[in-house]
Q: 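Please read through the structure below; I'll follow up with questions.
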Amino acid sequence: MNKKSLYSFNLKELESYLVDNGFSKFNADQIFQWVYKKFCFDPALWSNISKKLKEHLNQHIDLSVPKIIWNACSFDGTRKFLIQFNDNNSVETVLIPAKERLTLCISSQVGCAIGCTFCHTGTMGLKRNLKTEEIIGQFLAVSRFMLDQDDSFKNISNIVYMGQGEPLHNFTNVKKSAYLFMEPRALALGQRKITLSTSGLVPQIEKFEEFPPVNVAISLHAAHDDIRSELMPINQIYDLKRLFKAIKSIPLKAHRFITYEYILIEGLNDRMEDVEGLVNLLVKKESKINIIPFNEYPQSKFKRPSDEKIRWFKNELLKRGIVTTVRVTKGPDILAACGQLKSEVEKPNLWS
Ligand code: SF4
């Protein structure tokens with residue numbers, strides 16, 4: 001029989017499990033301290049845990065974290081990991097350092113069913129959903145790895161569900177993982193430190209009030225249905241009208257924004273009519289556009305616009321009162337940027 005993973009329990013569930021098995025509820029807190037605060041996954045080292053409880057855990061609970069089977073560090077400090085699970089499936093996870101934060105871009109599925117035509121992951125198809133413990137496990141494995149490199153390593157401060165997969169396609173497990181990331185006795189991240197990105201799965205967006213109030217990013221990428229359908233086949237089912245009707249139902253706290261991710265592609269969605277289309281679609285005071293200049297990958301059919309064109313597009317939106325930023329491409333030399341993730345790593349020569 002498969003053992004249940006320790007990282008699938010929230011604090012209350014672990015407390016109940018321990019009490020049901022004759023242990024103290026306070027042991028749950030001690031175990032959480034070891035795994036989520038010290039990233040120590042070997043019960044032999046848990047000095048305040050009884051021998052009897054260690055034996056019970058070893059026998060009945062899976063304490064293993066996913067394995068890092070490959071990693072590479074870019075010249076800009078971005079580090080990409082290939083992480084393998086018990087069934088040998090693997091995903092990519094990317095650690096992105098910035099001035100005042102350290103962000104982990106995590107995957108929610110092995111592959112992805114959405115099939116966006118600009119995305120490397122989309123070429124794989126969907127293999128399976130990740131379990132809660134496999135989503136949390138990416139954070140744990142990377143934290144342990146980084147601590148082993150450098151014991152002054154500062155904790156990961158932000159999570160973005162923007163790796164492989166459509167997070168809302170795996171709604172239940174992603175939701176539980178978000179609660180664990182926020183659980184004060186576990187990883188204790190603030191709700192504003194977590195961003196969930198979706199391609200626009202309308203029925204799940206309509207259930208957003210069930211989700212913890214994390215930041216929301218919508219992968220928009222086009223302001224016209226014909227172009228969006230070309231880039232994102234999901235638009236043929238949930239077109240812009242249905243998408244924006246669903247977005248209106250997202251409970252937004254005061255002064256919070258919805259971020260619209262917009263991959264800028266030369267000659268396709270970088271024209272004046274695209275600027276005007278965006279202005280017509282978005283509610284200015286609640287919207288922020290994050291332009292992502294297209295990251296080319298082997299065999300990609302789209303091109304990145306010139307820097308001049310990127311600046312022009314951004315300025316036209318700003319002139320029309322829409323908060324707009326341009327995302328700096330991270331880890332381009334290791335294919336770690338948006339839309340470039342895949343489960344088989346093409347190792348660039350530099351990083352062999
Ligand atoms: S962009 Fe996101 S939703 Fe689209 S295919 Fe890639 S991983 Fe899936």
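Order of listing sets the numbers, starting from 1, for every ligand and every atom in it.
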Q: Going by the order shown, which atoms of ligand 1 are within less than 4.0 Å of some heavy atom of G165?
A: 7 (S)
Q: Could you check whether atom NZ of K12 has more than 12 heavy atoms from other residues, nucleotides or ligands sitting under 6.0 Å from it?
A: no
Q: Hey, is C119 touching ligand 1 through its side chain, its backbone, both or neither, going by heavy atoms under 4.0 Å?
A: side chain
Q: State whether C112 contributes an N/O/S atom found under 2.8 Å from atom 4 (Fe) of ligand 1.
A: no
Q: Parallel, tilted or perpendicular, judged at 30° and 60°: which one describes the rings of F39 and F139?
A: tilted
Q: Among I234, L240, N235, find the one that has a side-chain contact (heavy atoms from CB on, under 4.5 Å) with Y238.
A: I234
Q: Could you tell me how the ring of H56 sits relative to the ring of Y17: parallel (under 30°), tilted (30 to 60°) or perpendicular (over 60°)?
A: tilted
Q: Could you work out, for atom 4 (Fe) of ligand 1, the closest of G115, C116, G111 by heavy-atom distance?
A: C116
